[in-house]
Amino acid sequence: MREELGDRSNVRRRYVAIGDSFTEGVGDPSKVLPNGVRGWADRVAEKLAKDQPGWEYANLAVRSKRLRHIIDEQLEPAIAMEPTLITLYAGGNDILDFGTDMEALLSDYELLVARLSETGATLVLFTGFDVKVSAVLEPFKKRNTLYNQRVRDIAARYDAVLVDYWCFDAYKDKRMWAPDRLHMSKAGHKYLAAQVLDHLNVPHKISPKEWGPPTRMSVREWERRQRRWVNDWVVPLFGRKLRGVTLGDTLSPRWPEPVKVPRKGGLKKLMEEALK
């Protein structure tokens, strides 16, 4: 890591998050925040501001974006904001696309990291989690393994902070996942926010969700939930792929320009004040 964030006492502090649904906050619903979600990145921004007042925050991530979209639509705006902290997760949607050339994808990913590294900002990268949702997605496991190893190598090469999401055993609990089983739940987003803050040595009081053992399901209940998941999430997902549309086609970034994060009340307070 280039520099402890806490050592930045006399400079502007600006955090820019780029990526897809992982960073947008899908799975962590909010009635007041943009795009109807909150997510780990918002929580990180709020804790940064609480620790050191004056932090600004922009989040350019939009659900369903592929790596090429992030490069075309988010890279230059992010660099223009002159960030002091950047978080990047990209490529997960590409991994799930049929026919993806992994070598080409990872080459483009490294070019993106190289450009962001040139800004001098502290850069945070993420591996992807091996989500055990269904045998349907097992053929993509090799791609995910390759992606993770290359991200680790690239993080080391460019002196980036690596949040090795793949290694977090907490996500083996199904309650850390949203109903679609591909995005984190509120508890999952909170846990990841704590991990990012820990990696950045930023103090916080986010604590893991304390659950009892999961309730055992009957075979009938398991089958009912599987049918609901397939009907509500899997069929629409593949339908969108066949039509060439995504959930992010009509959405804009949640925080397209840097906003000063209130030390008390966080981004929710910011939205409430804007609506007055």
Side-chain angles (χ1 to χ4, degrees), residues 1-19 21-34 37-61 83-89 121-129 155 160-173 175-178 183-211 254-255 258-273:
M1 183 173 173
R2 295 183 178 83
E3 181 180 359
E4 295 292 337
L5 291 176
D7 293 339
R8 299 179 183 274
S9 56
N10 297 310
V11 297
R12 183 198 65 248
R13 304 178 183 91
R14 182 170 290 168
Y15 166 31
V16 178
I18 64 176
S21 58
F22 175 84
T23 302
E24 184 188 355
V26 174
D28 183 12
S30 169
K31 294 181 180 179
V32 298
L33 295 173
V37 295
R38 187 180 183 190
W40 64 266
D42 279 23
R43 289 181 164 85
V44 167
E46 290 170 346
K47 297 304 180 185
L48 288 168
K50 188 170 184 178
D51 180 53
Q52 291 183 324
W55 272 93
E56 297 178 345
Y57 169 55
N59 189 330
L60 306 181
T84 48
L85 170 66
I86 303 169
T87 57
L88 165 69
Y89 176 75
T122 295
L123 177 59
V124 180
L125 305 179
F126 301 82
T127 55
F129 196 76
V161 177
L162 177 67
V163 179
D164 206 343
Y165 184 40
W166 183 85
C167 296
F168 297 156
D169 288 342
Y171 288 97
K172 293 178 181 178
D173 192 310
R175 290 168 290 190
M176 296 287 273
W177 298 94
H183 296 98
M184 293 177 288
S185 64
K186 178 179 179 179
H189 278 278
K190 289 180 70 174
Y191 186 90
L192 186 62
Q195 291 295 324
V196 173
L197 292 163
D198 287 345
H199 279 71
L200 296 174
N201 298 313
V202 176
H204 64 88
K205 294 182 180 179
I206 301 175
S207 56
K209 183 76 172 179
E210 293 185 5
W211 282 306
R254 300 181 57 240
W255 304 103
V259 295
K260 188 172 182 179
V261 183
R263 187 177 188 186
K264 294 183 179 180
L267 294 162
K268 182 178 178 181
K269 179 181 178 181
L270 197 68
M271 288 300 297
E272 290 172 344
E273 291 177 348

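Centroid-to-centroid, the aromatic rings of Tyr165 and Phe22 come within less than 6.0 Å. Not less than 6.0 angstrom separates the ring centroid of Trp40 from the ring centroid of Tyr89.
Shortest non-hydrogen contact noted between Ile18 and Ala61 is C-CB, 4.2 Å. The minimum heavy-atom distance between Gly39 and Asp28, with the atom names listed, is N-OD2, 2.9 Å. Shortest non-hydrogen contact noted between Ala187 and Arg175 is CB-O, 4.4 Å. Residues Val261 and Ala49 come closest through the heavy atom pair O-CB, 3.6 Å. Pairing each heavy atom of Trp255 with each of Pro34, the nearest pair is CZ2-CD, 3.7 Å. Considering every non-hydrogen atom in both His189 and Val26, the closest pair reads NE2-O, 3.0 Å.
Atom CG of Leu125 is separated from atom CG of Leu88 by 5.5 Å, given to the nearest 0.5 angstrom. Once rounded to the nearest 0.5 Å, the distance linking CH2 of Trp55 with CG of Leu85 reads 5.0 Å. Note that NZ of Lys260 is 7.5 Å distant from CD of Glu56, once rounded to the nearest 0.5 Å. Considering OG1 of Thr122 and OH of Tyr15, their distance stands at 12.0 Å, rounded to 0.5 Å. Note that the CG atom of Asp173 and the CE atom of Met176 stand 7.5 Å from one another [nearest 0.5 Å].
A donor-acceptor contact closer than 3.5 angstrom is absent between the side chains of His204 and Asp51.
Of the candidates Lys269, Lys264, Arg38, Glu46 forms a salt bridge (Lys or Arg N to Asp or Glu O under 4.0 Å) with just one, namely Arg38. Only one option out of Lys186, Lys47, Arg254 pairs with Asp42 in a salt bridge (Lys or Arg N to Asp or Glu O under 4.0 Å); it is Arg254.
Contact check for Val44 versus Thr87: no side-chain heavy atoms found under the 4.5 Å cut-off. Between Leu48 and Arg13 the shortest side-chain heavy-atom distance does not fall below 4.5 Å. No side-chain heavy atom of Val124 sits under 4.5 Å from any side-chain heavy atom of His199.
Looking at Thr23, its side chain never comes within 3.5 Å of a backbone N or O of Ala17 through a donor-acceptor pair.
Using cut-offs of 30° and 60° on the angle between ring planes, the pair Phe168 and Tyr191 is perpendicular.
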